[in-house]
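What you see below is based on every heavy atom in this structure, not just the backbone, and it leaves out hydrogens, waters and symmetry mates. All chains are named by letter (A, B, ...) in the order of the sequence lines, taking the proteins before the strands, and each is independently numbered beginning at 1.
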Amino acid sequence: MLDIKLIRKNPAWAKEKMEQRNVSGSQIDDLLILDAKRREIMTQVEELKAQRNEVSKQIATLKRAKEDANQQITKMQHVGQDIKHLDAQLEQISEQTEQILVRLPNFSDDSVPVGADESANTELRKWETPREFSFEPKAHWELGENLNILDFERGAKVAGSRFVYYMGLGAKLERALYNFMLDEHQKDGYTEVVPPYLVNNDSMFGTGQFPKFTEDVYSIMDEERPLTLIPTAEVPLTNYYRGEILSEEQLPTYLTALTPCFRSEAGSAGRDTRGLIRLHQFNKVEMVKFCKPEDSWNELEKLTANAENILRKLNLPYRVITLSSGDASFSSAKTYDLEVWMPQQNMYREISSCSNCTDFQARRSQIRYRNSEGKLEFVHTLNGSGLAVGRAVAAILENYQNEDGTVTIPDILVPYMNGEKKITK
RNA sequence: GGAGAGUUGGCAGAGUGGUAAUGCACCGGACUCGAAAUCCGGCGAACCGAUUCGAUAUCGGCGCGCAGGUUCAAAUCCUGUACUCUCCUCCA
């Protein structure tokens, strides 16, 4: 959530920043009109309440002295009516203000390339050149099906399209990967967490998925109480400290978790219909950080390096992209995407997304800390995938495939595969 | 699933219709070479608004798990709800 005071202070700047994110500047105008009205009513109602408090004290004094207070009581009955009326108005206008405010995305950092969509993204760096194949590289789904380690057909039968079974060494490769990732992140100072996979609406609001993106997730009703299957571990990890005041010593806090992620993929019909790239359920290792505001930009670089570390140790070629203002996600002030090389598609595909959400999520979820002057401040939150496990499996299958259709296990994973060096039929 | 108890400041804990005791902690001061002890004073956290360019500050609102209701007035009464604990039941 944006700081309304910041918008109040500099409306023109706020409008420009919102337009960079494909949000009409008129939203800011509407917001400020409502905000001015809200404060006007608030002043009125607060004056009346002050009066009521004052007279109530007189009534109490009179009553204690066994004197007559009827005149004051009658007067306050009217004041009470006025307060009720104005409070109702205030509530209505506050709701309208909130409606707008909670749907505005975070401000992009000034270092972010300005543009409406992914065409304005910029490449920051590239690591390793993709391998030259002496044969036509196969798609990972073809390799996986031939090796009997991926079964999309039965996934579709049992659950529907965009679901898969990993079998045998495929399942083991998946497990090897996330064990490896979690071990690496632990070395980098992250605490391993197993969080809830179902979360309540407050949590979904806290990280910015709700109220705007209800279509993208699976929700269930549990005794009238809605719960949502997490679309990413960012939600339970960032909400870990929701509503809390942290001490300075608790910062920075690094958390990591392997979780399944559930996404309805509404609006992506027809895209990546084959393979492991876009499933309704996939595993992901996520990293989340809470830090002091002054540290968050440095922490973003470190977080991104932690994700890159995984790809480097797996020896998978990748590049780092800075997402443009229009392409970055709702809560993010700046996002780096890591894209891994996929030989069959002959292109880089997103495998990780590392974002600095500044105080945007912290304000929504009320996560603060007491700074050295004893003042409360919102923390900054960051999150990044390290990595999407399914996509990593896909990248390994394609990059490590041999001409005979077998797949060599990356050296670093061999110990995690009980010494298995190759996947054969 | 059933029954009961509870939720009050940083912590402990009183308050059952008249506007949140008290203790510890904390902050300031005195004493001291300095500290401890002692004494004096201050202090519920957060949030919002007005005055202000802004900060400080002042005033006000708000504030007893949360949301409603009754009342001139609610921590207190009523309704709903969340969470915690205990017991029973069930269960991996």
For the pair Phe107(A) and Trp13(A), name the ring-plane relationship: parallel under 30°, tilted 30 to 60°, perpendicular over 60°.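 Correct class here is tilted.
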
How are the rings of Tyr190(A) and Tyr254(A) set relative to one another: parallel (under 30°), tilted (30 to 60°) or perpendicular (over 60°)?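 If you compare the ring of Tyr190(A) with that of Tyr254(A), the planes turn out tilted.
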
Near-strand residues of residues 42-49 of chain A, defined as heavy-atom separation under 4.0 angstrom from RNA chain B: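 Those residues are Met42(A), Thr43(A), Glu46(A), Lys49(A).
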
For RNA chain B, what residues of residues 2-15 of chain A have any heavy atom nearer than 4.0 Å? Lys5(A), Arg8(A)

Applying side chain to side chain donor-acceptor pair (under 3.5 Å), which residue pairs with at least one partner in residues 74-86 of chain A are found, sequence neighbours left out?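 Applying side chain to side chain donor-acceptor pair (under 3.5 Å) to every pair that reaches into residues 74-86 of chain A, excluding sequence neighbours, yields His85(A)-Gln89(A).
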
Centroid-to-centroid, Phe330(A) to Phe360(A), below 6.0 Å? yes

Validation row, ring centre Phe262(A) to ring centre His280(A) under 6.0 Å: no

Salt bridge check, Asp35(A) against Arg38(A): does any charged N sit closer than 4.0 Å to a carboxylate O? yes

The side-chain hydrogen bond (donor to acceptor under 3.5 Å, both in side chains) partners of Asp30(A) (sequence neighbours excluded) come to none

Among all residues two or more places apart in sequence or in another chain, which pass the side-chain hydrogen bond (donor to acceptor under 3.5 Å, both in side chains) test with Lys17(A)? Asp110(A)

Without decimals, in angstroms, what is the distance between Glu95(A) CD and rA67(B) C1'?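 Going from CD in Glu95(A) over to C1' in rA67(B) covers 13 Å.
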
For Arg125(A), all residues meeting salt bridge (charged side-chain N to carboxylate O under 4.0 Å, His left out), sequence neighbours excluded: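 For Arg125(A), the residues satisfying salt bridge (charged side-chain N to carboxylate O under 4.0 Å, His left out) (neighbours in sequence not counted) are Glu308(A).
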
Name all residues meeting the salt bridge (charged side-chain N to carboxylate O under 4.0 Å, His left out) criterion together with Asp29(A); count only those two or more places apart in sequence or in a different chain, and write none if there are none. Lys15(A)

Starting at the 5' end of RNA chain B, write a dot or bracket for each base, bracketing those in Watson-Crick or G-U wobble pairs whose two distances are under 3.5 Å and using | for partners on another strand. ((((((((.[[[..)..(...]]].(((((.......)))))....(((((.....)))))...[[[[[..)....]]]]])))))))....

Give me the distances for all protein-to-nucleotides 7-10 of chain B N/O pairs that come in under 3.5 Å?
none

What does the list of N/O pairs under 3.5 Å between the protein and nucleotides 71-74 of chain B look like, with a distance for each?
unit_1  : atom_1 : unit_2   : atom_2 : d
rC72(B) : OP1    : Gln77(A) : NE2    : 2.6

Can you name the residues that form a ring pair (Phe, Tyr, Trp, His ring centres under 6.0 Å) with Phe290(A), not counting sequence neighbours?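 Phe290(A) satisfies ring pair (Phe, Tyr, Trp, His ring centres under 6.0 Å) with Tyr241(A) once adjacent residues are dropped.
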
Close N or O pairs between protein and nucleotides 75-83 of chain B (under 3.5 Å):
none

